[in-house]
Amino acid sequence: DDLRWKMPVAFATNLPGLGSPAAWVADNLTTASNGSIQVRVYEPGKLVPPFDILQSVSDGKVSAGYTWIGYDQGKVPAVPLFAAVPFGMKPWAYIGWYYYGGGHELLQETYHNKGFKVHAQLCGIIGPETAGWYANKIESLDDYKGMKIRFAGLGGKVLEKLGASVTMMPGGELYQALEKGTIDATEFSMPAIDQILGFDQVVKYNLFPGWHQQFTAQYMLINQDEWDGASDSQKALVEASCTAATTLGLAEGEYKNGAVLAGFQENGIHADQIPTDVLKKLKAVTQEVLEEEAAKDADFKRAYESQQEFLKTYKVWDERAYLPADL
Amino acid sequence: MTVSDQDSLHTPHASVSDADELLHHHTELPTTRISQWLDSILTLIGKGASWLWVVVTGVIIWAVVGRYVFGQGSVLLEEVQWHLAGTGWLLGLAYTLVVDDHVRVDVLHERWSLKTQAWIELLGLLFLLLPFLGLAVYEMVPYALSSWEIGETSQAPAGLSHRWVLKAVLALSFALIIIAALSRLLKVTALLFGFPKPIRIETPDNKKEDAS
Amino acid sequence: MELEAVFVIGMFLTFGVLLMTGFPVAWVLGGTAVIWTLIGVIAVEDFGANLWFDYPSSMGLVPERIWGIVESDTLVALPMFIFMGIMLDQSGVAERLMKSMVKLFGNVRGGFAVTVIVIGVLLAATTGIIGASVVLLGMLSLPVMMENKYDKGFAVGTACATGTLGILIPPSIMLVLMADRLAVPEASVGDLFMGAFLPGLMLGAMYVGYALIRPLLQPNVAPVPQGLEKVSWSVVWDVAKAVLPTAALILGVLGSIFAGVATPTEASGVGAFGALILALAAGRLNLKVLSSSLQQTTRTAAFIFAIFLGATAFSVVLRGLGGDTVIEEALLGLPFGPYGVILTILFAVFLLGFFLDWVEITLIILPLVAPVVQQLGFDLVWFTIMFAMCLQTSFLTPPVGFALFYIKGVAPPEIKVTDIYRGVVPFIIIQLVALAIVFLIPEIATWLPSVAYE
Ligand code: NA
Ligand code: NA
């Protein structure tokens, strides 16, 4: 049968890499299937509030959705491992694990175990976020003590353990809060997106590396019944389009970020590195947090161990094969 | 002609609630025994929930002082704010229906006879309000249940757990509006058909008592 | 005409007609959504209409959408600003301000009107709701102006129009609501507050200009009172003392945002706390006053949020029936060019303002037109401020003009509805002139947000 999918998205489709793949997939599916799959994109909040995309797809209220699944951490504790992990893999390492290391299957099982009736398809990935925008430079671990920072997800928990004052204020209030000093720092996304929010106008330090989010993955969630009812050719087309969107999204971010960052630097933004010894401590605390989460949820534990297992051998390759960036 | 403080400026103290009395032209329905009983419960809930505004004010001040003076930001406090504020207005919805404070466009309404107004009220309750509330509750119950089943928590690791509580309050608040609507329906049928037995005509005076 | 367009027009018509029955607005919105869900489903299921419409993705999504409203952190500001307005009213601070200021401006022709406007602007900077300021200004000023033989229309129009500045000059629940619906960083609550500031002051200045010029042309509109105390230092001192609490509250709310102490949302709580302290300091706070103020807050917040609930159902059904596309195509298809589109939208909002309240217009129309405006490349702050000015005007336009209702309620009996209508006409014209000025000189709205954050 012909498929007609309403697809609410979590990010505006004008956001490079983060939202743009959704629009591309929708168009591509309609064109490539010669109309046998029609997808209509609904911008954030137009149909379903972004945080309820999983729920409404699973309930069959909409056939599909496109989201950063980390938003569902409160319902499915394991999703951060599939969405963005502090001190996690580089994007290409992540897709290595996802496509070949059993990640895709683990994700389906994770949703299934929590009673959600969805088929999840990796459908976009972007490279590192920045470690955020700061009023002051970070030189030692002590600089986090009492720092008022907006930080989402597991990374926020890590900073809280280090004595930071972590908040989750809404995206729309960040710029002003940062400007007025209501907060000292915020993380958001990668340079091409942060630029749209104008953080470079209000603070001088854009710190790197994005330890809390080396990759950010988006998925197309499809209602399970809808997926089961699709023909093999329709399924193949969805899989192929999403795989292509993953490549295109990554490409778009990589293509744009450098130029944006260079522009920031020209305007006097310090794109500094967080010192290595600070990163080491952050990594140690991250480990603690991840183990705590693994102890709380069986699916988290399984996915975490699977990733660790893969990284053991991947590290041998990763450390040797790539040219150092400063060469 | 002189201006004297005593005469012209000693107006009674202006009050916003005065304006509301004037803005909302209440249809003066009789009440019934059941309605009286239901309304008193809903009013009690609404008035009780009103105290949450003091609590929310306190939590905001606590959050602001904590962050600014003591450098203690808290995702938890931020979530407590909208949990309490949400509970406040959700539980106030039925109470507001009881005191008939929901805004009406009464350009024509106020010129119609009480009987016409009651017919509009009857049809509106039956074909607009109750179907809307019915569908909403029908969808809200499974929504709250699924949150409870999976033990939903905040998406922020440092946030509040037990999301199902507020989702249940949401469903409950709509159920309460249904009760308020049914109570009002009885008052309308009491006026139009004398069934159930009408008790008294609400005058603006005792209405005001109810409201404050 | 396409089926979608027929359905969209049908839905708005249903809403409009049912609205005139006088059944509560919120439930008319919700009920209309249910009726058109039924029509949509029948059209698709039984008549094979080629629509992307079904129950689950329209009415079925109501809990998720309502939860999105409950979950919104910024909307906490709404009940808080209401609470603050009601407490301020209870504190009697404004009453004192009026008494002292009359002595300062009373000797000028039109001086009472100027007093009302100055106080109105100060009040506007503390409260975000209209009911409080219109009632307050009306009760405080109309008896004085009547006694001094001011023209009834002139007097009542001034009090009424000035009262509506509260919704434009920050803080304002209308701007909070708009930022929430727009949900884009370039038009945050802070941006809109800054953006509305100068247009609000400009309007205040234009009102003052009118209050001074009209009596020059028509002296009998505002006779100069006889036997008033001469302006002395002690009068100035009285005014200064009376201004102090209001100034402190303005400082508390806007200052806490600027000093980086609080976000705009939190500032609403700071304001509520401040007003509570003022009422306490004035010795007007007791358990009875507090509990009735709290109950009033609940009822006001509940009636506004109820409209949210109805509107969210209405919007999702309208969207399901293709409403977004129909309206977007209609607007983009207008043969006037981009600026013509803006003017058309604003004109439509002005017309809608005769019949609808700001809440419905903000909730239903703003999200429909904002993407079009953005697509045309306009500054969203500029557009939203003009949108807000149109809505502020809607309070003054009959038949559904809430400021008119409020003022009628507190006006002395000799002031007739016709006096009110006659009195607000010049102010509606001033509103339109101000709107034209902001349209031609966007910097009035966009300059402050741009420098505030540099
Ligand atoms: Na205001
Ligand atoms: Na109007």
Side-chain angles (χ1 to χ4, degrees), chain B residues 1-3 5 8-9 11 13-20 22-23 46-47 49-51 53-54 56-57 60-61 63-64 68 78 81-82 85-86 88-90 92-93 95-96 99 101-109 120-121 124 127-129 131-132 135-136 139-140 143 166-167 170 212, chain C residues 19-28 30-31 34 59-60 62-63 66-67 70-71 73 76 79 83 86 89 92 99 102 106 131-132 135-136 139-140 143-144 147-148 225-228 261-262 266 269-270 272-273 292 294-299 301-303 305-306 357 399-400 405-406 409:
Chain B
M1 185 70 35
T2 56
V3 173
D5 282 357
S8 58
L9 284 172
T11 53
H13 181 60
S15 161
V16 183
S17 42
D18 296 343
D20 272 3
L22 297 155
L23 185 60
K47 288 184 176 180
S50 300
W51 287 94
W53 305 127
V54 180
V56 178
T57 308
I60 292 178
I61 297 295
V64 170
Y68 190 70
E78 288 166 11
Q81 286 167 26
W82 59 260
W89 64 261
L90 282 171
L93 288 166
Y95 163 53
T96 308
V99 295
D101 257 3
H102 286 289
V103 176
R104 303 166 182 271
V105 173
D106 42 17
V107 193
L108 301 174
H109 195 248
I120 286 171
E121 210 63 8
F127 296 107
L128 296 173
L129 180 53
F132 170 64
L135 284 181
E139 297 288 343
M140 278 169 183
Y143 187 67
L166 191 53
K167 289 187 173 176
L170 174 62
S212 56
Chain C
L19 201 62
M20 295 319 281
T21 65
F23 199 65
V25 176
W27 315 135
V28 168
V34 176
M59 273 305 286
V62 162
I66 293 180
W67 176 254
V70 174
E71 206 181 19
D73 345 30
V76 174
F83 181 42
I86 290 170
D89 173 31
K99 280 186 193 174
V102 155
V135 168
L136 219 54
M139 291 196 81
L140 294 175
V144 197
E147 197 179 326
N148 286 282
Q226 305 296 308
L228 255 191
V261 176
E266 291 167 336
V270 174
F273 185 70
S292 84
L294 290 168
Q295 287 155 20
Q296 181 63 38
T297 304
T298 303
R299 301 206 301 269
F303 93 59
F305 275 109
D357 187 17
V400 185
F405 298 157
Y406 284 124

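Note: hydrogens, waters and symmetry copies are ignored here, and every other heavy atom, side chains too, is used.
Annotation: the span from C:T297 atom OG1 to B:W51 atom CH2 amounts to 11.0 Å, rounded to 0.5 Å. Atom CH2 of B:W53 sits about 9.5 Å away from atom CG of C:L294, to the nearest 0.5 Å. Within the model, atoms CH2 of C:W27 and CG of B:L128 stand 11.5 Å from one another, a figure rounded to the nearest 0.5 Å. C:T21 contributes atom OG1, which lies 9.0 Å from atom CD of B:E121 (distance to the nearest 0.5 angstrom). For the atom pair CD of C:Q295 and OH of B:Y95, the computed distance is 4.0 Å after rounding to the nearest 0.5 Å.
Legend: residues meeting side chain to side chain contact (heavy atoms under 4.5 Å, CB included) with C:V261, ordered by chain and number and at least two apart, are B:V64, B:Y68, C:S256, C:A259. B:L166 pairs by the side chain to side chain contact (heavy atoms under 4.5 Å, CB included) definition with B:W82, B:H83, B:T87, B:V169, C:W67, C:V70, not counting sequence neighbours.
With respect to chain B, the highest number of heavy-atom pairs below 4.5 Å among C:A301, C:A26, C:P79, C:A272 belongs to C:P79.
A donor atom on one side chain and an acceptor atom on the other are not found under 3.5 Å apart for C:T298 and B:W89.
Residues C:R299 and B:V99 have side chains in contact (heavy-atom distance under 4.5 Å, counting atoms from C-beta outward). Side-chain contact between C:V62 and B:E139: absent, with no pair of heavy atoms (C-beta onward) separated by less than 4.5 Å. At a threshold of 4.5 Å between non-hydrogen side-chain atoms, the residues B:I60 and C:V76 count as touching.
Annotation for C:A302 and B:L93: closest pair O-CD2, 3.5 Å, computed over non-hydrogen atoms. Of all non-hydrogen atoms in B:F132 and C:G31, the two that sit nearest each other are CB-N, 4.3 Å.
Residue C:F273 places its CZ atom among 12 or fewer non-hydrogen atoms of other residues, nucleotides or ligands, all under 6.0 Å distant.
For a residue to count as touching a neighbouring chain, one of its non-hydrogen atoms must lie under 4.5 Å from one of that chain's; by this rule B:I61 touches chain C with the side chain only.
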